[in-house]
Amino acid sequence: MKLAATFRLCTLATAFVALSSSPLCMAEIAVKSGDKIAFLGDSITAGGWGNPAGYVRLVIAGLEANGVKAEAVPAGISGHKSDQMLARLDKDVLSKKPQWMTLSCGVNDVWHGPRGVPLDDAMAKSGTYDDKVATRGTYKNNITAIIDQAQAAGVKPVMLTATVIHENLASKENGLLAPYNAFLCELAKEKKIPLADLNAMFQDRIKAENKPNEKVLTSDGVHMNVEGNKLMAVGVLQALGLNAAELDKAKAAWAPLETAAAEAAKKAAEAKAKAAADKAKKK
């Protein structure tokens with residue numbers, strides 16, 4: 001499936017979910033004070049919590065700026081794919097009794113190549129995977145199981161489409177990722193759950209910026225920079241029901257977090273430089 005076709009499919013699915021999912025039909029924020037939101041994902045989500053201005057922290061701050069004091073349950077682990085997230089779902093999410101769960105999964109399933117997770121059985125047979133591929137199942141089955149188990153436990157899922165693998169939208173990896181995101185859009189429509197179509201948002205922003213030799217939203221083509229974290233947070237907050245005015249309040253609350261992130265990055269760079277200098281002296 002071509003990227004453009006996938007974009008159209010996701011756009012239609014987003015519109016359907018916005019109209020049919022009960023939290024989004026209400027003219028109010030779906031999350032309530034006291035709610036827990038689990039953020040299940042990979043290194044992008046781990047960074048979203050570990051970075052003072054990561055998207056997870058921005059979401060929580062954005063909700064609080066609008067009078068909703070929610071608690072984050074960070075559940076991002078670097079390198080994880082859909083099979084690994086399914087395996088730890090109960091331990092890292094369901095056992096924490098959250099009311100909500102965002103699911104960010106897909107980049108590693110594709111990016112890891114032979115060690116990745118095929119979309120479905122047909123891809124497993126036709127693709128070039130290592131000899132352990134059968135133990136990882138398929139992306140469709142794994143993601144569906146995560147959503148089904150969350151809903152069975154009374155947790156409300158919010159689907160996030162996978163962002164990008166390199167900011168060159170014509171890259172081979174982004175082409176391979178497209179059907180995974182198409183599936184997420186279809187599943188969100190089927191399950192009638194909120195969808196944050198982050199991939200579409202990233203495509204729009206990268207095209208609008210038109211800076212092919214610069215990183216607009218990521219630090220390395222995959223992991224978020226300041227702008228990428230903010231765009232992810234906007235997408236999640238929109239899926240949770242924030243309107244334009246509420247999003248403006250959220251963004252206004254992010255400045256202190258961005259300052260803290262800049263200071264933390266500066267200290268980390270200084271520590272790294274000192275460690276390198278100390279090592280050089282010992283030689």
Side-chain angles (χ1 to χ4, degrees), residues 1 3 6 9-10 38-49 73-96 98 101-153 155 157-166 171-191 193 195-199 218 220-224 232:
M1 180 181 294
L3 204 60
T6 302
L9 176 58
C10 284
F39 293 83
L40 181 60
D42 50 32
S43 58
I44 294 173
T45 300
W49 176 252
V73 177
I77 296 182
S78 180
H80 269 208
K81 300 181 283 288
S82 59
D83 60 311
Q84 294 162 308
M85 293 185 204
L86 175 59
R88 63 184 175 87
L89 178 66
D90 185 65
K91 174 178 177 291
D92 289 352
V93 176
L94 304 185
S95 67
K96 312 296 184 184
M101 177 194 74
T102 68
L103 176 59
S104 176
C105 180
V107 168
N108 290 327
D109 296 71
V110 172
W111 198 22
H112 285 194
R115 296 180 293 108
V117 177
L119 179 65
D120 50 26
D121 291 334
M123 184 177 285
K125 293 178 181 178
S126 62
T128 304
Y129 293 96
D130 64 21
D131 58 3
K132 296 180 181 179
V133 64
T135 66
R136 297 192 291 272
T138 69
Y139 186 77
K140 286 186 175 182
N141 288 342
N142 294 337
I143 295 297
T144 301
I146 289 172
I147 297 300
D148 285 347
Q149 289 181 29
Q151 290 185 314
V155 179
V158 178
M159 191 80 81
L160 315 185
T161 55
T163 48
V164 293
I165 306 176
H166 310 308
S171 72
K172 175 184 176 182
E173 291 84 356
N174 281 320
L176 293 171
L177 187 62
Y180 286 71
N181 278 329
F183 165 70
L184 295 179
C185 295
E186 292 167 355
L187 188 64
K189 178 180 177 180
E190 175 188 332
K191 301 293 183 179
I193 61 177
L195 170 71
D197 193 357
L198 301 182
N199 188 271
T218 68
D220 58 2
V222 170
H223 300 94
M224 299 304 116
M232 287 189 71

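The figures that follow rest on heavy atoms only: side chains count, while hydrogens, waters and symmetry mates do not.
Closest approach of M232 to L198, counting heavy atoms only: CE-CD1, 3.7 Å. Heavy atoms only, all atoms of each residue included: G79 and H112 are closest at O-CE1, 3.3 Å. The nearest pair of heavy atoms linking M101 to L89 is SD-CD1, 3.9 Å. Nearest heavy-atom pair across L160 and S104 is CD1-CB, 3.8 Å. Between P179 and G175, the closest heavy-atom pair is CD-O, 3.4 Å. Residues V222 and M224 approach most closely at O-CE, 3.0 Å, considering heavy atoms.
With contacts defined as side-chain heavy-atom distances shorter than 4.5 Å, the pair L195/T161 qualifies. You'll find the side chain of V73 stays beyond 4.5 Å of the side chain of V93, heavy atoms only. Contact annotation: the side chain of Q84 never approaches that of N108 to less than 4.5 Å [non-hydrogen atoms, C-beta and beyond].
The salt bridge (Lys or Arg N to Asp or Glu O under 4.0 Å) check on R88 picks up D92, with sequence neighbours excluded. Residues that satisfy the side-chain hydrogen bond (donor to acceptor under 3.5 Å, both in side chains) test with D220, not counting sequence neighbours, are H223. Remark: K172 engages L176 in a side chain to side chain contact (heavy atoms under 4.5 Å, CB included) (not counting sequence neighbours). Shown here are the side chain to side chain contact (heavy atoms under 4.5 Å, CB included) partners of S171, two or more places apart in sequence or in another chain: H166, N168, E173, N174. Under the rule for a side chain to side chain contact (heavy atoms under 4.5 Å, CB included), the partners of P118 that lie at least two apart in sequence or sit in another chain are M123, A124, Y129, V133.
The backbone N or O of T163 lies less than 3.5 Å from a partner atom in the side chain of N199, making a donor-acceptor pair.
Taking CG from L187 and NZ from K189, the interatomic distance works out to 12.5 Å, rounded to the nearest 0.5 Å. Here F183 contributes atom CZ and M159 contributes atom CE; the two are 6.5 Å apart, rounded to the nearest 0.5 Å. One finds the CG atom of L119 at 9.5 Å from the CG atom of D109 (value rounded to the nearest 0.5 Å).
Sorted by first and then second residue, the ring-ring contact (aromatic ring centres under 6.0 Å, His included) pairs involving residues 131-151 (not counting sequence neighbours) are Y139-Y180. The stretch residues 116-128 participates, sequence neighbours left out, in no side-chain hydrogen bond (donor to acceptor under 3.5 Å, both in side chains) pair at all.
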Side-chain donor-acceptor contacts of residues 142-150 below 3.5 Å, not counting sequence neighbours, with atom names and distances?
{"unit_1": "N142", "atom_1": "ND2", "unit_2": "S82", "atom_2": "OG", "d": "3.0"}
{"unit_1": "N142", "atom_1": "ND2", "unit_2": "R136", "atom_2": "O", "d": "3.0"}
{"unit_1": "N142", "atom_1": "ND2", "unit_2": "T138", "atom_2": "O", "d": "3.2"}
{"unit_1": "T144", "atom_1": "OG1", "unit_2": "K140", "atom_2": "O", "d": "2.7"}
{"unit_1": "D148", "atom_1": "OD1", "unit_2": "K191", "atom_2": "NZ", "d": "2.8"}

